[in-house]
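Basis for what follows: all heavy atoms, side chains included, without hydrogens, waters or symmetry-related copies. Numbers restart at 1 for each chain; the letters A, B, ... are given by sequence-line order, proteins then strands. Just so you know, these numbers come straight off a predicted model, no measurement behind them.
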Amino acid sequence: MIKANKWFSKNPWIWSTIGFVVLWLVISVVSGKFSIETLFLNITLASFTFLLGIAEMMVITSGDGALDLSLPYTMTISAYIAAATFRDGNTWKGILILLVVCVGIGLLNGMINVYLHVHAMIGTLAVGYIIYTVILEYSKYSTKAPTKEIQNFVHGRIGGLSVLTILCVLFVILMSVVMYKTKLGKKIHAIGQGHHIAYLAGINVNRIIILIFVCSSLIAGLTGVLVSAYVGGSYQTMGDSYLIPSIAATMVGGTLISGGKSCVVGAFTGAVMFVLLSTLLNLSGFSASMQNIAEGVVIILILFAAKKDTN
Amino acid sequence: MENTKKEQCLQMKDIVKQYGITTAVNHVTFCADRGEVIGLVGANGAGKSTLMGILTGTVPATEGMMVVNGVETPTDKYHTETAMQSGIAAAYQELSLCLNLSVYENFAVSLLKHKGTPKTGWRKAIAKLTKEYLDQCFPESRIDVNTKVSELSIEQQQMVEICRAVATDNLNILVLDEPTSSLGTERINQLHETVKRLSSQGVTIIYITHKLEEIIKITNRTVLMNNGEVRWSGDTKSVTIEDLIQMMGGKLKNEQKEDLSEHKELETLVSVENYSAPGLKNITMTIGRGEIVGISGLGGAGQRELLNEIFRAAKQKGKKNLQVHGDASFVSGDRQKEGIFPLWSIADNILISGMHQLTDHGLLSKKKCTDLAQFWYDKLKFKAEGQEASIMSLSGGNQQKAIIGRGIASDADLIILDDPTRGVDAETKKDIYKILNEACSEGKSVLLYSTEDNEMEECDRVYVMNEGHIVKELRYSEVTIDNIIAASFVRAEESEQEKGEEKQEGKFSTGALVKLLRAPSMIAAYILIFVWIMLGIYNPNTQTRMGLTLLIGNTLPLVFVAIGQMFIILVGDINMGIGSALGLVNVLCATFLFDNPFLGLCSMVVFLAAYCAVAVLVHLRKMPSIVVSLGMQSIWLGIAITIQKTPGGSAPEWLLSFLKIQTPVFPIQVYLCVIMAVVGYWIIFRSKYGIILRGIGNNPKAIEKHGWSYLQAHTMAYLLSGCFVILAGLMLTGVSRGSDANGASTYQMLSIATVLLGGCAFAGGIVEPVGVVIAAVAISLISSMLTFMGINSNYQTAVVGIILLVALILGGFLQKGGRKK
């Protein structure tokens, strides 16, 4: 019993994985057919929530109740920039601009947090507001998707799996290595358990926090380009609908909101679980409002079931 | 002492306490007579603290029987309240004070009756009582009972902790757990006087300490614990310190350290020349390679500042008169706040600073990690299940070993130790010094600060500090306790210039007005004044009664909802669903309440119950409030849309006419804001329960130790919050004359921003209701101002964002400036 408990607390992704398998089975029963196809489609749809979830996971893991609320805006602005530059054939120039913008936003977020001592949640919110104004001005010029090539790439399939899914799996592996097998990963988790403790343990806390914000902005930028290619265009509130599911997926996947403990696999299974949930609700003919309620209940139930580490 | 008639007042029979598979207390029977002073000693993890936890009711025992004053209670029916009613009080090593409360409010937490309203003037009465007790126990303590505990030094905090335990009603048994770990010599003597006085008044005192001299000096009887059992118990007169150490499983003090390298020239590792910093004046010192250098002197003379400056210099490099030619690691004695990574195993805690030695092609090598961790695990002789055991499962002394292991395993040239043996038993202390000596013989240097003067004898050289100056350097054979104590009282001659500076500073800090103008919540007031002037310039109509009615009317929903969010943040939670909760109330008002007041009222009650249920859920399952409230956000929104699919509905007539009431001078909207500020202020700062709510936000364990229910306080905060959300919903309905389930979502982040701008702290415990109301009005008016100024609506969000940022940054600077005393 104690051993089982230990295993559960070491592998917190298990809860969201159970959730997603159960949901898939229920969907299969409701729709009357066991379809791997449906599962794969949902996993593809979950890619964006997952990617944004990983960005949030890094910020959350750095502790101090940090959240990056500017991510949806970073997503949207990246989509617009990609559309505007890639279509003119200036792909490399576009990528360069994207990098500069995303790194710039990340630096701004991180420096406001580190040097001006504004809490991350409010600092990033304010930065988000500023980006939003830029989006409002910028959106007059273009609402198109990036080039056909990128669209084809995003919709592509390799041996039954979508390119997006393969991308996500590679990303899971990459992030797992970064978070659990490198010095940087250990340091991020250390910072999350107390900035002052980490400083005294010889970690350059400021530099790592800024790095985290830059990484999260870059991931959000990438997500923005992928989303606009997938749905075939950009719109002003494009990023908004991904923020809450991405945070929820990360939490449900076993990342500790207070920081210091993360779970990359859990963020993935959590994202898939939420997409499956809305598929199920759609399938069963629930109204949008009932879907809202059901989603909320599921978030709370999963948290309720998950065995918490004391402390 | 000359107690002839022995009357037993406490008997703990056959107590067992198990944590999982480990037995912390194993069939212990512990008795105490009235007026006896009992010394309780034992190595770390011997079960002393657990046994005392059982006595005070904070730790539930697995089995056993408690007999207090002849009343028998089985341990499963023995709680904090039972202990309190029997007059059992304790001063804890990990202080149980709420840092955000004033000294007398901390006393109030333990002195106030839990039920009923106290008599008017209770604040004054408790403040007076507090002062009396402080003067009695620690004459000339110079502690103002109105100051916040966070502004006191550690020594003063410990004095407050002890006095508060002494002040308990009908005090019967007093437990002092490491009471002198942060006290200076003079205060220790005062404490010993107090112990004698209390004992002669018939109070039984249980004195836990690792400083065995104190045991010999003041106790009548000694109880020695080892591995959860009582190993020895008897008259203190019949034992010596050496006997006690031996019985604890330790060896006798080792041979005198050899006078090493009397005049050998050492390579310089740290050189400090004429260095000044806040709290440090004209410091000149050196540390050579392979040396143990001590920093000593009376508490708070600048030792910690010096250690921190040297560590900073090693990490960030490049200061011309403070140079460290190598890397440094830091070991702090304040394990909870500065030492351990609580989520990690012993191994991770040891390895974190030395990871550069553990990589293979850029990745951490599992084998190297395990090997190094095992090396230190064996060397430091941990009492644990293995290197993978959680650090939190260890006793304090073993946790300290891990942090020291980290410091040495980091491979740094200089190991800085800040009171590393705080609350560590004699045996572990010896191990620690043995390891430090080994590190030195390998060429590493050690810089040590300890509050215990006898530990300084381990050092090759000792610098003694007084008021920020180094007043004496003791070399090799000069390092003796007597020399250190003598040097501690040497005062440095201050230059005229410094004296002048001090006077000026003193003048500056006395200005109450300056303090007020620098208060965190003033930023909001400045913004409000600015916005109001701008409004007047661009649109003079805003200054009329009609203008006020409209403008302030529109701010009311934010004022109320921000106060609602404030109560959640007060207890350390956050509500990410308050916007949609507001939307739901809005819908309820415009539909049910409009159609049928009774039905409307019922729906509000149900809402309130659900809102409080969240608190219970968050509390009992220890779920993070941020995620639960994200879930609740979906639920509130879903319910609201189910009730009302499209925006519509209408405001109840009585509500509209209420908002139209003609009040003298100002419109009713202005009065509502003022009333909210006053009500908020009263609940938080003037009411009895306000103290508890603030205390919960800072240190829930401390509040629980005094028998208050955390769950109840938690729920109360949500209840208050829910009431304000309902009021906000009413206002929103009145302003918009209808409802929209999605319409209130903007209030979500705005409420959090408002609370922060108002001067509250995210971490909980520190809130400013007046500031929140001002901030809410200011933020709401900004967009009106921008509209009047003819700024493109696209830019408005950006402007709000920038103003928010600037305000918070400015607030941070003002506070910093104010704190610099």
Side-chain angles (χ1 to χ4, degrees), chain A residues 2 65 67 69 112 116-119 121-123 125-130 132-134 136-137 177 181-183 186-187 189-190 193-194 196-197 200-204 244 247-248 251-252 256-258 260-261 287-300 303-304 308-311, chain B residues 20-21 311 315 327-330 332 337-344 348 352-353 355-356 359 362-364 392 406 410 412 574 617 621-624 626-628 630-635 637-642 645 749 752-753 756 762 794-798 800-802 804-805 808-809 812:
Chain A
I2 291 165
L67 277 180
L69 297 177
I112 287 173
L116 300 173
H117 306 290
V118 174
H119 191 276
M121 207 189 238
I122 295 302
L125 179 72
V127 170
Y129 280 168
I130 297 168
Y132 185 59
T133 293
V134 180
L136 289 179
E137 284 294 298
V177 170
K181 292 281 166 205
T182 64
K183 286 192 277 179
K186 282 276 177 201
K187 285 179 183 173
H189 288 96
Q193 297 174 60
H196 190 56
I197 302 175
L200 290 178
I203 296 169
N204 190 333
I244 300 222
I247 297 174
M251 296 293 97
V252 163
L256 214 56
I257 190 75
S258 50
K261 190 179 173 205
S287 64
S289 54
M290 284 311 288
Q291 290 195 24
N292 271 318
I293 298 178
E295 265 178 34
V297 170
V298 167
I299 292 178
I300 293 174
L303 282 173
F304 194 87
K308 283 274 123 29
D309 292 298
T310 37
N311 282 298
Chain B
I21 44 166
F311 182 63
K315 284 291 159 195
D327 200 4
S329 62
F330 198 101
S332 170
K337 285 200 207 82
E338 302 188 326
I340 54 167
F341 292 106
L343 298 174
W344 276 354
D348 280 339
I352 179 70
S353 297
M355 287 186 301
H356 55 275
T359 49
L363 298 183
L364 290 170
M392 294 305 283
R406 178 197 301 161
S410 73
I574 191 163
L617 209 58
R621 286 295 295 187
K622 293 206 173 88
M623 289 152 75
I626 186 166
V627 195
V628 175
L630 273 179
M632 287 311 289
Q633 184 223 27
S634 283
I635 297 178
L637 183 67
I639 297 174
I641 298 176
T642 311
K645 291 220 161 40
M749 288 320 292
I752 297 175
L756 288 190
F762 234 135
N794 277 358
Y795 291 110
Q796 288 193 6
T797 29
V800 172
I802 291 171
L804 201 62
L805 263 188
L808 286 170
I809 294 165

Side chain from CB out, backbone as N, CA, C, O: work out which of these in L756(B) comes under 4.5 Å of a heavy atom of chain A, or both, or neither. side chain

One option among I752(B), I809(B), I340(B) has the most heavy-atom pairs under 4.5 Å with chain A, and it is I809(B)

Which answer fits D348(B), side chain, backbone, both or neither, if we ask what part of it has an atom under 4.5 Å from a heavy atom of chain A? side chain

Closest approach of I352(B) to K186(A) (non-hydrogen atoms, all atoms of both residues): CD1-O, 4.0 Å

Would you mind reporting whether I293(A) and T642(B) have side-chain heavy atoms less than 4.5 Å apart? yes

State the NE2-CD distance between H196(A) and E338(B), to the nearest 0.5 angstrom. 4.0 Å

For each of I641(B), L637(B), T797(B), I574(B), tally heavy-atom pairs with chain A at distances under 4.5 Å, and name the one with the top tally. T797(B)

What heavy-atom pair brings A201(A) and R406(B) nearest, and what distance separates the two atoms? CB-NH1, 4.0 Å

Which atoms of K337(B) come close to chain A, meaning under 4.5 Å heavy atom to heavy atom: side chain ones, backbone ones, both, or neither? backbone

For the pair L343(B) and L256(A), evaluate side chain to side chain contact (heavy atoms under 4.5 Å, CB included) and give the outcome as yes or no after the intermediate values. CA-CA 10 Å; L343(B) 298 174; L256(A) 214 56; 3.9 Å; yes

Any side-chain heavy-atom pair of H189(A) and F341(B) under 4.5 Å: no

Can you tell me which of G362(B), G801(B), S634(B) forms the most heavy-atom pairs within a distance under 4.5 Å of chain A? S634(B)

Of all of V298(A), I122(A), V127(A), N292(A), which one pairs up most often with chain B through heavy atoms under 4.5 Å apart? N292(A)

Contact part of L804(B) toward chain A, heavy-atom cut-off under 4.5 Å: side chain, backbone, both or neither? side chain

Mind checking whether T182(A) and L363(B) have side chains closer than 4.5 Å, heavy atoms only? yes

So CD1 of I626(B) and CE of M121(A): to nearest 0.5 Å the spacing works out to 4.0 Å

Can you find a heavy atom in the side chain of K315(B) that is under 4.5 Å from one in the side chain of N204(A)? no

